[in-house]
Amino acid sequence: MRIETKCIQEGYKPENGEARVLPIYQSTTFKYGSCEEMGKLFDLEASGYFYTRLGNPTVGCVEEKIAKLEGGVGAMMTSSGQAASLMSVMTICNAGDHIICSAAVYGGTLNLLGVTLKRMGIETTFVNPDASLEELQSYIRPETKAVFGETIANPALSVLDIEKFAELAHSNNIPLIVDNTFATPILCRPFEFGADIVIHSTSKYMDGHAVSLGGVIVDGGSFDWAASGKFPEFTTPDDSYHGLVYSEAFGNAAFITKARVQLMRDLGSSPSPQNAFLLNLGLETLHLRMRAHSDNAMKVATFLANDSRVAWVNYPGLPDSKYKPLVDKYLPDGTSGVVSFGVKGGREAAIKVLDSLKLAAIVTHVADARTCALHPASTTHRQLTDEQLADGGIGADLIRLSVGIENAADIIEDLDAALSNI
Ligand SMILES: *Cc1c(COP(=O)(O)O)cnc(C)c1O
């Protein structure tokens with residue numbers, strides 16, 4: 001099946017007389033006929049649902065669809081994107097371990113790795129993603145256990161050289177984790193370029209309608225945990241399952257199985273069946289929406305780039321973007337829907353533009369069907385001085401625009417009218 005068909009057909013496959021549309025199994029628990037049958041589930045000798053924290057048929061179908069869309073061997077949904085980031089790292093790392101992470105990642109990821117996981121003894125070195133392989137290699141330590149980056153970074157909009165990061169990881173026998181939230185598998189499938197684990201905040205384009213928080217971790221099945229020799233938790237007995245060894249019992253699905261049966265069991269950041277149902281509806285049109293978001297964003301970015309009231313535009317799809325070679329390689333079908341730009345007149349002018357927009361709403365969210373805009377300097381980052389903002393790559397004039405799937409001409413007219421108010 002091609003990717004468009006997978007969006008519709010993968011996951012739920014009804015039998016004779018069953019519901020045509022994915023049912024919502026709004027049940028926390030599942031019935032068995034004997035203690036022995038249920039006991040096998042707890043020993044991981046048989047597979048089946050018993051408690052929705054560990055798995056649910058509605059959730060399971062959506063996990064299957066996302067795994068197929070990314071080209072992975074299995075997936076686990078989580079209650080939010082943050083939970084997916086957390087669990088992807090914690091499945092691999094323990095206190096004393098170290099991660100290399102692109103500095104151009106989502107703010108929540110910076111906090112998670114730089115502050116919260118650091119408190120728990122997992123240290124992160126944030127690196128310039130455009131640094132050479134030689135420079136990146138110099139940050140590797142004996143205890144480095146993973147490399148992390150974002151395909152299209154939120155909000156920097158830099159494009160990750162996935163093959164360079166994969167080479168860094170694999171030449172050190174460690175896996176590459178890629179947050180593919182902004183690209184989605186419609187625009188880029190990181191496994192095809194060497195990523196080992198892909199994560200998403202499904203709250204963004206995958207859901208696409210701003211109705212359900214969620215996250216997902218997908219296992220590419222490509223990393224050989226046993227051959228690496230660096231991951232004893234995968235290759236030595238787990239006492240909480242009678243001495244089971246993940247790499248032996250689950251082969252190339254060892255990572256995603258361990259994530260579920262250890263971490264989801266213990267941390268419990270599970271998605272609800274209702275949210276999985278809503279996510280599935282979003283996934284059915286993901287292929288149509290991602291093309292529309294990309295086409296509209298390109299038109300809007302082109303309009304802004306040619307407007308004398310605009311100081312600068314950052315959109316990786318623009319022909320003069322410094323990421324053009326990476327876009328040609330990794331994102332040939334489009335560069336998603338988020339554009340950032342600065343207006344002449346700085347902070348005051350930016351606020352005026354935001355307050356003048358009629359169609360585009362001011363929200364902190366990005367990546368749903370409706371066009372929305374944010375001025376970080378006066379909202380999400382208002383505690384920072386202009387100097388601190390500039391250091392973080394977020395100028396006081398920066399406007400982040402999440403271009404929706406309305407008619408592009410209406411979005412541009414709205415921006416044009418707002419810019420006239422400066
Ligand atoms: C939003 C976002 C997250 C966090 O996801 P939540 O669903 O909000 O918890 C992680 N990564 C990226 C790239 C995001 O945009």
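Here, residue 1 is the first one in the sequence, and each next residue gets the next number. Keep in mind that what you see is a predicted model, and the values were worked out from it rather than measured. When a ligand or atom number is given, it counts from 1 through the structure's own listing order.
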Quick check on contacts: which atoms of ligand 1 are under 4.0 angstrom from a heavy atom of [X]?
X    : value
Q82  : 4 (C), 5 (O), 6 (P), 9 (O)
S80  : 7 (O), 9 (O)
E150 : 13 (C)

Among protein heavy atoms, which sits nearest to [atom], and what does the distance come to when rounded to 0.1 Å?
atom                    : result
atom 15 (O) of ligand 1 : K204 NZ, 2.6 Å
atom 7 (O) of ligand 1  : S203 OG, 2.6 Å
atom 12 (C) of ligand 1 : D179 OD2, 3.4 Å
atom 4 (C) of ligand 1  : Y106 CE2, 3.3 Å

With a 4.0 Å cut-off on heavy atoms, does G214 reach ligand 1?
yes
Any nitrogen or oxygen of G81, side chain or backbone, less than 3.5 Å from one on ligand 1?
yes
Can you find an N or O of N154 that's nearer than 3.5 Å to an N or O of ligand 1?
yes
For Y330, the option from T151, T335, D161 that meets side-chain hydrogen bond (donor to acceptor under 3.5 Å, both in side chains):
D161
Are K258 and F234 in a cation-pi contact, defined as NZ or CZ under 6.0 Å from the six-membered ring centre and within 45° of the axis?
yes
Please confirm whether F255 and F223 have ring centers closer than 6.0 angstrom.
no
Any carboxylate oxygen within less than 4.0 angstrom of a Lys/Arg side-chain nitrogen, looking at [X] and [Y]?
X    : Y    : value
E233 : K145 : no
K13  : E64  : no
D130 : K322 : yes
D328 : K324 : yes

